[in-house]
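In listed order, ligands and their atoms are each counted from 1.
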Amino acid sequence: MQEFSNLIMGILLFIMPAYFANSVPVVLGFGAPIDFGRNFVDGKRLFGDGKTIRGFVAGILAGTLIGLLQAVFLPETQFALYNNAQGHALAGFLLSSGTMLGDLAGSFFKRRLGYKRGQPSFLLDQLFFLLVALALVFPFAPKFVLDAPNLAFLFAFTYFMHVASNYAANRLGLKKVPW
Ligand code: CTP
Ligand code: MG
């Protein structure tokens with residue numbers, strides 16, 4: 001039992017920078033959109049008003065900050081995920097950069113598919129950012145995270161966390177829509 005809860009704890013500590021990167025823009029993202037209002041060749045917005053420069057930068061900074069905090073507090077404990085403190089910081093940066101790039105790419109696909117800004121898209125909204133975050137951190141990721149059952153847990157947990165936190169953000173008045 002102890003081992004099982006340590007495993008879950010390890011997976012959640014690993015992915016924490018990505019979760020922060022994904023949620024901070026909801027609060028700090030406003031101002032100029034990354035596409036500056038420009039359209040793609042199909043006449044639809046490149047990314048849309050929901051992807052701002054501030055949100056993008058804030059997401060990467062927030063996730064990297066979590067990685068730095070982990071670098072300070074986790075080494076020398078049973079929850080150390082990497083061989084050294086730098087590993088935590090680098091992973092925080094890669095996970096949050098991947099999250100924001102994946103989120104941006106997700107919006108790019110949504111616009112191409114004709115979804116309006118804020119309109120929900122099953123899986124693109126909840127899991128695409130995770131896929132890109134994992135792809136960027138992959139060469140450095142702790143081996144146990146990449147075991148199939150642990151990856152499956154990570155995707156399932158992220159899906160439910162995303163749905164639940166967006167519902168909460170909507171109830172708290174932070175988001176106009178509950179997704
Ligand atoms: N946000 C931001 N900049 C980003 C990502 C998000 O400012 N790079 C902010 C926006 O206020 C956005 C909110 O976080 O409305 C929620 O993000 P998300 O659900 O990803 O955007 P949507 O508004 O749903 O737009 P889209 O349809 O493109 O996903
Ligand atoms: Mg959305």
Side-chain angles (χ1 to χ4, degrees), residues 11-70 89-138 140-141 151 153-179:
I11 295 173
L12 296 184
L13 280 171
F14 162 76
I15 204 61
M16 195 146 293
Y19 285 1
F20 271 81
N22 196 236
S23 46
V24 158
V26 177
V27 186
L28 296 183
F30 48 87
I34 296 180
D35 64 10
F36 289 105
R38 276 195 294 258
N39 291 342
F40 192 55
V41 290
D42 56 7
K44 294 172 185 142
R45 284 288 294 275
L46 193 53
F47 304 117
D49 285 332
K51 304 294 117 143
T52 67
I53 298 170
R54 279 185 57 132
F56 188 88
V57 174
I60 295 180
L61 289 181
T64 304
L65 179 66
I66 297 299
L68 288 172
L69 287 173
Q70 291 183 338
L90 176 67
F93 174 70
L94 292 174
L95 281 165
S96 50
S97 302
T99 293
M100 296 320 294
L101 288 172
D103 178 62
L104 198 59
S107 289
F108 176 80
F109 293 133
K110 283 172 74 175
R111 298 300 89 80
R112 306 290 70 76
L113 293 167
Y115 290 95
K116 295 267 174 292
R117 176 253 173 109
Q119 220 179 317
S121 163
F122 184 63
L123 296 187
L124 265 185
D125 280 342
Q126 292 90 1
L127 295 179
F128 195 64
F129 80 90
L130 178 62
L131 203 65
V132 179
L134 288 177
L136 282 205
V137 82
F138 174 74
F140 307 96
L151 270 185
F153 167 79
L154 191 52
F155 275 89
F157 185 81
T158 301
Y159 180 82
F160 286 110
M161 274 300 285
H162 200 277
V163 172
S165 59
N166 279 289
Y167 179 78
N170 173 249
R171 293 300 295 254
L172 290 170
L174 294 173
K175 269 191 101 163
K176 287 201 188 84
V177 289
W179 46 74

Q: Check for me whether the distance between the ring centres of F108 and F40 falls short of 6.0 Å.
A: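 That pair passes the under 6.0 Å test.
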Q: Mind checking whether K110 contacts ligand 1 via backbone (N, CA, C, O), side chain (CB onward), both or neither, at a 4.0 Å heavy-atom cut-off?
A: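 K110 to ligand 1: side-chain contact only, backbone stays beyond 4.0 Å.
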Q: Salt-bridge test for K110 and D125: reply yes if a basic N is under 4.0 Å from a carboxylate O, no otherwise.
A: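 Between D125 and K110 there is a salt bridge, with a charged N closer than 4.0 Å to a carboxylate O.
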Q: Please confirm whether K175 approaches ligand 1 to less than 4.0 Å, judged on its heavy atoms.
A: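 Flag set, K175 near ligand 1.
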Q: Salt-bridged, D103 to K51, with N to O below 4.0 Å?
A: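 Salt bridge between D103 and K51, a charged N being under 4.0 Å from a carboxylate O: yes.
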Q: Using a cut-off of 6.0 Å, state whether more than 12 heavy atoms not belonging to F56 lie near its atom CZ.
A: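 Result for CZ/F56: enclosed.
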Q: How far is atom 7 (O) of ligand 1 from its nearest protein heavy atom, and which residue and atom name does that atom have?
A: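 The protein heavy atom lying closest is T52 OG1, 2.6 Å.
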Q: Which residue holds the protein heavy atom closest to atom 25 (O) of ligand 1, what is that atom called, and what is the gap in Å?
A: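 So the nearest neighbour among protein heavy atoms is G118 N, 3.5 Å.
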Q: Checking R112 side chain against L46 main chain: does a donor-acceptor pair fall under 3.5 Å?
A: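 Checked: pair present.
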Q: With side chain to side chain contact (heavy atoms under 4.5 Å, CB included) as the test, pick out the partner of H162 among Y19, F129, W179.
A: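 Only one of Y19, F129, W179 forms a side chain to side chain contact (heavy atoms under 4.5 Å, CB included) with H162, namely F129.
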Q: Within this structure, what is the CE-CG distance for the pair M100 and L95, rounded to the nearest 0.5 Å?
A: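 The distance works out to 13.0 Å.
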Q: Counting heavy atoms only, which part of L28 comes closer than 4.0 Å to ligand 1: side chain, backbone, both or neither?
A: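 Near ligand 1, L28 shows nothing, with every heavy atom at 4.0 Å or more.
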Q: Would you mind running through ligand 1 and noting each atom that sits below 4.0 Å from a heavy atom of G29?
A: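 Checking each atom against G29, I get 7 (O), 11 (O).
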Q: Run the numbers for me: atoms of ligand 1, each under 4.0 Å from some heavy atom of S107, listed by number.
A: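 Reading through ligand 1 atom by atom, the close ones are 26 (P), 28 (O), 29 (O).
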Q: Any atoms of ligand 1 less than 4.0 Å from a non-hydrogen atom of G55? List them with their elements.
A: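 In order of numbering, the contacting atoms are 2 (C), 3 (N), 7 (O), 8 (N).
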Q: Quick one: look up the protein heavy atom nearest atom 15 (O) of ligand 1 and list residue, atom name and how far away it is.
A: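 The closest one turns out to be R117 NH2, 2.7 Å.
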Q: Are the side chain of D35 and the backbone of G48 linked by a donor-acceptor contact shorter than 3.5 Å?
A: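 Pair found, side chain donor or acceptor close to backbone of G48.
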Q: What protein heavy atom is closest to atom 17 (O) of ligand 1, reported as residue, atom name and distance in Å?
A: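 Of the protein heavy atoms, K51 NZ, 4.3 Å lies nearest.
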Q: Do we see a donor-acceptor contact under 3.5 Å between the side chains of Y115 and R111?
A: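 No, R111 and Y115 have no side-chain donor paired with an acceptor closer than 3.5 Å.
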Q: Could you list which atoms of ligand 1 come closer than 4.0 Å to a heavy atom of M100?
A: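 Those atoms are 8 (N).
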Q: Which of the atoms in ligand 1, numbered in the order shown and given with their element, are less than 4.0 Å from a heavy-atom of R111?
A: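 The atoms of ligand 1 under 4.0 Å from a heavy atom of R111 are 26 (P), 27 (O), 28 (O).
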Q: How far is atom 9 (C) of ligand 1 from its nearest protein heavy atom, and which residue and atom name does that atom have?
A: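 Of the protein heavy atoms, P25 O, 3.3 Å lies nearest.
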Q: Check each of G50, A32, G59 against atom 4 (C) of ligand 1 and report the one with the nearest heavy atom.
A: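 Comparing heavy atoms across G50, A32, G59, the nearest one to atom 4 (C) of ligand 1 lies in G50.
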